[in-house]
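Here the structure comes first, spelled out in structure tokens, and everything after it is commentary.
Along the sequence shown, residues carry numbers from 1. As the structure is a prediction and not an experimental result, all values here were calculated from the model.
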Amino acid sequence: MKPAPFEYIAPESVEQVVEVLVQYGDEAKILAGGQSLMPLLNMRLATPGIIVDINGLNELSYIRQEGEHLHIGALTRQYRLERDARIRQTVPVLAAATRLIGHPPIRYAGTIGGSLAHADPAAELPAAMCALGAELSVVGLSGARSIPAVDFFQGPLSTAVRPGELLTEVRIPIRKNVVWGVREYTRRAGDFALAGAIILAEMEEDRWVNGRVVLFGVEDRPLRVSHAEAVLTQRALSDDQADVVAASAVTGLDCHTDLHASAGYRKQLARVMVKRAYLDALAMWDGKRENAAGSA
């Protein structure tokens, strides 16, 4: 299959990209890694008049730590997220979530910004950003603005990016003494998740604080489940809590039905994924305590 005819533009700066987006409006589509856009073009599910190739903007490809935040450029390839030593040390849950994306060739081409801007509700990176409390920076003619990840994703393939704006950076706070778990269920390795869960929390004196429970693949966007977080807040992690937090996470959950799973099946999968992610976080905490006791 071949895409419909389009005009190709390769701007040399972020400012030029913004100018093109403003000039052409909805007719323009950004090409980064192309792992989502190219299939849509080839199947003619998307027929933009202008393709704006940003792959020459090397200034948007970086991973750096500044104080208590990790800054990642939007054009950073996904494979770097799973291999970079700073990420594995400061936000290891991001490396783990990235390893679940598709297959290695996809991660070599795909970018963090491309995945976030595409906003597939079953994708791993949007959920990871919500769990990490990340902020996403966008640039337009009026300058830059920052959007919390939980507000960035507004529906299937829909974000808070306004016409004429470009996603340029992800900023992630670095937390201390963190435990986490990330689980998803797919029909085949590399498929999008039918349901997934990420649990992440800071620990203070054996108690859960500042934690996140995030579901993905179950509704029209990543879902932060605050009532499940409340079940654990200021409590010690234990096996007894696993079923409680899992049941709380799916209370009132309005899953969608599609070709791959019914709403009821997807809700049950979500419950199981939350329980397994919680048990992974518990095992991580037990391991940390054993190591601390052994070195004392």
Side-chain angles (χ1 to χ4, degrees), residues 68-70 81 87-98 100 116 121 123-136 147-153 170-185 193 195-219 221-253 267 269-292:
E68 297 302 311
H69 286 83
L70 199 66
L81 305 181
I87 288 180
R88 293 202 303 267
Q89 180 179 3
T90 59
V91 285
V93 66
L94 178 56
T98 302
L100 298 174
L116 298 177
E124 294 84 359
L125 291 183
M129 294 302 111
C130 292
L132 287 164
E135 293 195 349
L136 285 65
I147 309 170
V150 293
D151 298 325
F152 185 84
F153 307 102
V170 176
R171 186 168 63 255
I172 302 172
I174 298 172
R175 307 183 189 279
K176 306 297 184 183
N177 207 24
V178 169
V179 295
W180 52 269
V182 52
R183 290 290 189 125
E184 68 176 26
Y185 183 84
I198 299 178
I199 284 183
L200 181 145
E202 295 178 66
M203 301 298 293
E204 288 184 359
E205 297 181 355
D206 205 30
R207 294 183 179 274
W208 158 300
V209 297
N210 197 21
R212 300 287 179 96
V213 178
V214 177
L215 300 175
F216 59 101
V218 295
E219 289 196 358
R221 70 197 76 183
L223 179 65
R224 183 179 174 187
V225 193
S226 57
H227 50 273
E229 297 168 1
V231 170
L232 295 171
T233 300
Q234 292 299 329
R235 295 188 180 183
L237 299 182
S238 68
D239 288 328
D240 296 339
Q241 294 290 329
D243 286 318
V244 176
V245 69
S248 177
V250 299
T251 298
L253 185 62
K267 185 173 182 177
L269 285 176
R271 187 192 67 79
V272 174
M273 293 304 104
V274 171
K275 180 177 180 178
R276 292 179 181 178
Y278 173 85
L279 291 174
D280 289 342
L282 173 60
M284 186 178 296
W285 180 238
D286 287 342
K288 287 186 176 184
R289 288 189 298 181
E290 290 175 3
N291 290 337

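With 3.5 Å as the limit, one finds no donor-acceptor pair spanning the side chains of E202 and N177.
Expressed to the nearest 0.5 Å, how far CG of L81 lies from CZ of R88 amounts to 11.5 Å. Distance check: M203 CE to M284 CE gives 11.5 Å after rounding to the nearest 0.5 Å. The CD1 atom of I198 sits 9.0 Å away from the CD atom of E184 when rounded to the nearest 0.5 Å. Distance check, rounded to the nearest 0.5 Å: OG1 of T90 to CG of L70 gives 4.5 Å. Annotation: the span from T233 atom OG1 to N210 atom CG amounts to 9.0 Å, rounded to 0.5 Å. The line from CG of L279 to CG of D239 is 6.5 Å long, rounded to the nearest 0.5 Å.
Shown here is R212, whose CZ atom has more than 12 heavy atoms of other residues, nucleotides or ligands within 6.0 Å.
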Between V225 and H227, is the side chain to side chain contact (heavy atoms under 4.5 Å, CB included) condition met? List the steps. CA-CA 6 Å; V225 193; H227 50 273; 3.3 Å; yes
Could you check L237 against W208 for side chain to side chain contact (heavy atoms under 4.5 Å, CB included), going step by step and ending with a plain yes or no? CA-CA 7 Å; L237 299 182; W208 158 300; 3.8 Å; yes
Should V209 and Q234 be marked as a side chain to side chain contact (heavy atoms under 4.5 Å, CB included) after you check the CA-CA gap, both sets of side-chain angles, and the distance that decides it? CA-CA 6 Å; V209 297; Q234 292 299 329; 3.1 Å; yes
Test salt bridge (Lys or Arg N to Asp or Glu O under 4.0 Å) on R175 and E68; report intermediate values, then the result. CA-CA 8 Å; R175 307 183 189 279; E68 297 302 311; over 6 Å; no
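For A195 against L269, the heavy-atom pair with the smallest separation is CB-CB, 3.7 Å. The two residues V274 and A246 make their nearest non-hydrogen contact at CG1-CA, 3.7 Å. Across every non-hydrogen atom of A128 and A97, the tightest pair is CB-CB, 4.2 Å. Residues A193 and F216 come closest through the heavy atom pair CB-CE1, 3.8 Å. The two residues V213 and A249 come nearest to each other via the heavy atoms CG1-CB, 4.5 Å. Considering every non-hydrogen atom in both V218 and A270, the closest pair reads CG1-CB, 3.9 Å.
Side-chain contact check for L253 versus E219: some heavy-atom pair is nearer than 4.5 Å. Counting heavy atoms from C-beta on, the side chains of L223 and V214 never come closer than 4.5 Å. A heavy-atom distance below 4.5 Å is found between the side chains of L232 and Q241. Between C130 and F152 there is no side-chain heavy-atom pair separated by less than 4.5 Å. R271 is listed as a side-chain neighbour of D243, based on a closest heavy-atom distance under 4.5 Å. Using a 4.5 Å heavy-atom cutoff, the side chains of L125 and L94 are in contact. Between W180 and P92 there is a side-chain heavy-atom pair separated by less than 4.5 Å. Using a 4.5 Å cut-off on side-chain heavy atoms (C-beta onward), V170 and M129 make contact.
Counting only distance, with no hydrogens or angles, the side chain of Y278 and the backbone of S238 share a donor-acceptor pair below 3.5 Å. Side chain of R183 to backbone of M273: no donor-acceptor contact under 3.5 angstrom is found. Checking side-chain atoms of S248 against main-chain N and O of V244 turns up no donor-acceptor pair under 3.5 Å.
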